[in-house]
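Below: the structure, in structure tokens.
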Amino acid sequence: MNIDRFVQQLPDTDPTETREWLDSLDELIEVEGKTRARYVLSRMLLRAREQQVGIPATINTPYVNTIPTEEQAWFPGDDFLEKRIRRFIRWNAAVMVVRANHAAEGIGGHLSTFASSAALYEVGFNHFFRGKDDGTPGDHIFFQGHAAPGIYARAFIERRLSESQLDHFRLEAAGGGLSSYPHPRLMPEFWEFPTVSMGLGPLNSVYLARFNRYLQNRHIDDTTGSRIWAFLGDGEMDEPEALAGINLAAREGLDNLTWVINTNLQRLDGPVRGNGKIIQELEAMFRGAGWNVIKVIWGSAWDELLARDVDGVLVNQMNTTLDGEYQKFAVEDGAYIREHFFGHDLRLRKMVEHLTDDQLRKLPRGGHDYHKIYAAYRAAVDHEGQPTVILAKTIKGWTLGPDVEARNATHQIKKLTGRQLVGLRDRLHLENEIPDEALTEDQEPPYFRPDVDSPEFQYLMERRRSLGGSVPVRSRTLHRAIELPGVEPFAEFDEGSGTQSFSTTMAFTRLLRNLARHETFGSRVVPIIPDEGRTFGMDGLFKELRIYAPFGQRYVPVDAGLMLSYEEGTDGQILEEGITEAGAVASWTAAATAYATRGVPMVPFFIFYSMFGFQRVGDFLWAAADARARGFLMGATAGRTTLLGEGLQHQDGHSHLLASTIPTCEAYDPAFAYELAAIIEHGIRRMYGADGEDVFYYLTVYNENYPQPPKPDDVGTGIIDGLYRWVPSPDGFDRHATVLFSGTAHLAARSAQGELAEHYGVGVELWSATSYKRLREEALSTERWNRLHPGEPAKTPLVTRLLSNATGPIVAVTDYMKAIPDQIARWVPTRFDSLGTDGFGRSDTRQGLREFFETDTAHVVVAVLSALAAEGGTDDAAVKDAIARYGIDPDVGDPRTR
Ligand SMILES: Cc1ncc(C[n+]2csc(CCOP(=O)(O)OP(=O)(O)O)c2C)c(N)n1
Ligand SMILES: [Mg+2]
């Protein structure tokens, strides 16, 4: 509490009275002790709040459970059966990792994460997680990536997975295996949310909870029956993205969101906060952000001790013990704990006199106590108006024995010796299920699955039935079909703009408006903007589509009187995210996967500064591809020379290179409005039509204005395939060459065509290359087919077939790096050169920059002549002439290194 500064600012109007209050506090502490004083102060603060006396918030509570025993919800389950089930699952989870590492040395896997969180999951499975069998989308659950073996182990007992599948944990290449972590791309009927890259799950879960509210408020889908659960690691909380969304979750009152942080005090290398207390640190942050925080620190066996802690010595000891020390207590015996935890104070020693050393060692942590966990989940689910975080203290590697539990190396342990397996078996009391004969060194440790008529199986299945069936299940059942638009929204772009100049960004904004206003399809369009709408000329949409604000617009905007005012509403369509590309991409992912998570296809357009796209949030986009996202990413203010003045950090010459790394990303760099419209139309039909494909689109749009040409008649499928002849070679020339352009580079290509015709007698045909990525991928597939089908007539890659019709050597020009056109170089049938913007951007005029990066008219002319000379089609004199004509300094440094 930062109360000192608060107090210092205020005058003391009655110092005598102040003194009296302080004296009585001092006396209270002296006579009754600190605990009593703390209690009285808390009561005073409560009363002050009742009387509307505002006091700066306290952000930490003592190191004890938030829910007092007497307020703990009654546990409705069967203790005995649930414990048995949990033991079976614990056993199988461990055995599958051990067996996998026998079958394939080094294959990896994790024992300790699930071992510490088994109870956290099992209480959820038996009492909370809603399935989809009742025809609803159920709950949305983010499982901690490293806990995957436990989730498989349960699915095995539920008879959703076979023994052979468990034995193919991490052996996926031949098909039918189980993926290391939650990967919908690899197990599309099982996993829903990829989580394993730390920090992505937390942020994605916040924005999914938010997106569900958006769907609700916009009357698109009833999402009230779905809770978002995210199971997270305490180490994971150090990722900046992990905490980046917590303010939004509180601000928008997302009480449909529950986070369960497995605070086992350890991460991969060692303690998360050896010298501090991660639970207290997290409590402060979440409380400060406005979350409901529930700490589950101590198991039930501590209740009795805490009840006798009238002096507060136990709580004091709990408050002052560091996490590093708690970790040590987890590996030490009872005598050590008696000495070092309870030994500092005679009153403490006395408190545990009646307990044996063994009982002391077994005093459990709250996160292993399913009564405490149940109470916390119940409280979270019932809590209104705020998201809830449960901080559940556990021991990493719990039940796996003294060599593993709470050891610093525990995270990496993936093998158990015969002795350790026997130890685990005994610890889990599975002597009848796993007899000694089954644990000899000459055989694999067996799995155990209770019979279908066993009480355990019956209980477990009944629990799941009553909650709507098994989880996790990824479904593609359509709940609310989408109606696709006809050609109308796209048609106007085919006509071109005559003499009027506008940019592809402006064309996009217009198209987006057409789509969003469409009578049936329109409501499914989700424009997502990270505070850049004005930059892209989209501010007109603020008024027309309005900005989503869950509680409406509770103020009069400064521009209320203007035509294009800043309008917010509970059913606003635009997600104006503010300056968070990570948050915006998380929103996009939620929308782009709604076809599966909710059976409600949504069509998100995330429009961002192309430079702050892939390289800023590339990992999120990779995860979105894993989650089988469908939607559009719009890299605006694209290019390294088109966005003129902004300089090095802004000018994007490589997002297409980064996009090329994602197999399901269709990356396009259109030059003209009609291309843009054709690609988006095709994308909508491909992703959202019958048998929609799990791909997404990345399109770069520029801010340079020029007259948009009409669509030529004979482009066929060229725009979508990635390449088509835009203008044939003019007649009447002996020498010919071909120039490929993309994006704004068409300007240089077209003027070079004129220059080459006028001064050098070269007829140039122009091709528009909308997607080198697509061309390359087609060529790679064809090449592979040829390699594997010797003796059969070889197929020719599309790009080779197309360019066999081009005349002369080929020069490609782009506002991106040369590596982008070079993607096809191997399959170009003639000489191929590329001009691009390798190097750091800098501020200048467009012309200045294009000169600098050698992508302007002059350099296209020189490149064509140089290629012709090399091919014997002309001589060096023409090249020299051009260099002189355009005033190029041949000895100036390479822009790549300047
Ligand atoms: C972005 C990222 N960085 C690093 C890793 C490697 N890694 C995997 S698990 C782990 C430690 C996890 O600790 P914690 O979050 O506390 O989870 P626990 O297993 O303790 O529950 C690390 C560093 C990762 N998966 N993702
Ligand atoms: Mg941890």
Side-chain angles (χ1 to χ4, degrees), residues 90 93-94 97 108-122 124 142-151 170 179-183 191 193-205 229-244 259-274 276-282 285 295-297 323-324 326-327 330-331 365-368 373 389-400 404-414 582 585-586 616-624 626:
R90 282 183 178 283
V97 174
H110 298 83
L111 297 167
S112 295
T113 301
F114 179 71
S116 66
S117 53
L120 299 176
Y121 286 113
E122 278 303 301
F142 289 67
F143 294 96
Q144 208 186 342
H146 298 77
I151 312 306
R170 295 187 165 225
S179 55
S180 48
Y181 303 114
H183 293 307
W191 295 116
F193 305 103
T195 49
V196 76
S197 176
M198 315 249 115
L200 306 192
L203 196 68
N204 278 331
S205 72
W229 297 86
F231 288 81
L232 310 165
D234 49 357
E236 179 171 23
M237 288 301 116
D238 283 337
E239 288 287 0
E241 292 89 347
L243 293 168
W259 278 12
V260 180
I261 305 185
N262 174 15
T263 43
N264 54 24
L265 315 187
Q266 288 179 251
R267 40 180 160 75
L268 193 151
D269 281 341
V272 177
R273 293 287 184 276
K277 289 165 91 72
I278 186 64
I279 292 179
Q280 299 300 85
E281 196 177 318
L282 291 173
M285 276 191 282
K295 298 195 285 192
V296 184
I297 301 181
D323 282 0
Y326 279 118
Q327 191 188 343
V331 302
R365 296 195 177 167
H368 301 306
I373 300 167
V389 61
I390 292 164
L391 303 171
K393 186 170 175 173
T394 64
I395 288 177
K396 194 152 177 172
W398 181 240
T399 72
L400 294 176
V404 182
E405 279 177 2
R407 297 286 164 191
N408 271 338
T410 189
H411 188 84
Q412 300 287 74
I413 294 174
K414 40 203 106 255
V585 82
R616 179 89 182 205
V617 289
D619 203 18
F620 275 98
L621 293 172
W622 185 257
D626 183 349

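Order of listing sets the numbers, starting from 1, for every ligand and every atom in it. Residues: numbered from 1 along the sequence shown. Values reported hereafter were calculated over all heavy atoms of this structure, with side chains retained and with hydrogens, waters and symmetry mates removed. This one's a predicted model, so the numbers in the text were calculated from it and none came from an experiment.
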(request) Taking the side chain as every heavy atom from C-beta outward, state whether Arg170 and Tyr181 have any atom pair closer than 4.5 Å. (result) yes
(message) So Val404 and Leu111, do their side chains get closer than 4.5 Å, heavy atoms only?
(response) no
In a simple table, one pair per line, please give the protein and ligand 1 atom names for every N or O pair closer than 3.5 Å, along with the distance.
| from | atom 1 | to | atom 2 | distance (Å) |
| --- | --- | --- | --- | --- |
| ligand 1 | 15 (O) | Gly235 | N | 3.4 |
| ligand 1 | 15 (O) | Glu236 | N | 2.9 |
| ligand 1 | 16 (O) | Asp234 | OD1 | 2.8 |
| ligand 1 | 16 (O) | Gly235 | N | 2.8 |
| ligand 1 | 16 (O) | Gln266 | O | 2.9 |
| ligand 1 | 17 (O) | Gln144 | NE2 | 3.1 |
| ligand 1 | 19 (O) | Thr113 | OG1 | 2.7 |
| ligand 1 | 19 (O) | Lys396 | NZ | 2.8 |
| ligand 1 | 20 (O) | Asn264 | OD1 | 3.2 |
| ligand 1 | 20 (O) | Asn264 | ND2 | 2.9 |
| ligand 1 | 20 (O) | Gln266 | O | 2.9 |
| ligand 1 | 20 (O) | Lys396 | NZ | 2.7 |
| ligand 1 | 21 (O) | Gln144 | NE2 | 2.8 |
| ligand 1 | 21 (O) | Asn264 | ND2 | 3.3 |
| ligand 1 | 25 (N) | Val196 | O | 3.0 |
| ligand 1 | 26 (N) | Met198 | N | 3.1 |

(request) Return yes if some donor-acceptor pair links the side-chain N/O of Ser117 with the main-chain N/O of Asn262 below 3.5 Å, else return no. (result) no
(message) Taking the six-membered ring for Trp, are Phe114 and His146 closer than 6.0 Å centroid to centroid?
(response) no
(message) Would you say that Phe193 contacts Asn204 through its side chain, given a criterion of any heavy-atom pair below 4.5 Å between the two side chains?
(response) no
(request) Measure the shortest side-chain to side-chain distance between Thr113 and His411 over non-hydrogen atoms and say whether it is less than 4.5 angstrom. (result) yes
(request) Before accepting this row, confirm whether a basic side-chain N of the pair Arg273/Asp238 lies closer than 4.0 Å to the acidic partner's carboxylate O. (result) yes
(request) Measure from the side-chain N and O atoms of His183 to the backbone N and O of Val196, and report whether any donor-acceptor pair falls under 3.5 Å. (result) no
(message) Looking at Gln327 and Ala406, would you say the former's side chain and the latter's main chain have a donor-acceptor pair under 3.5 Å?
(response) yes
(request) With 2.8 Å as the limit, jot down which protein N, O or S atoms are around the Mg ion (ligand 2). (result) Asp234 OD1, Asn264 OD1, Gln266 O
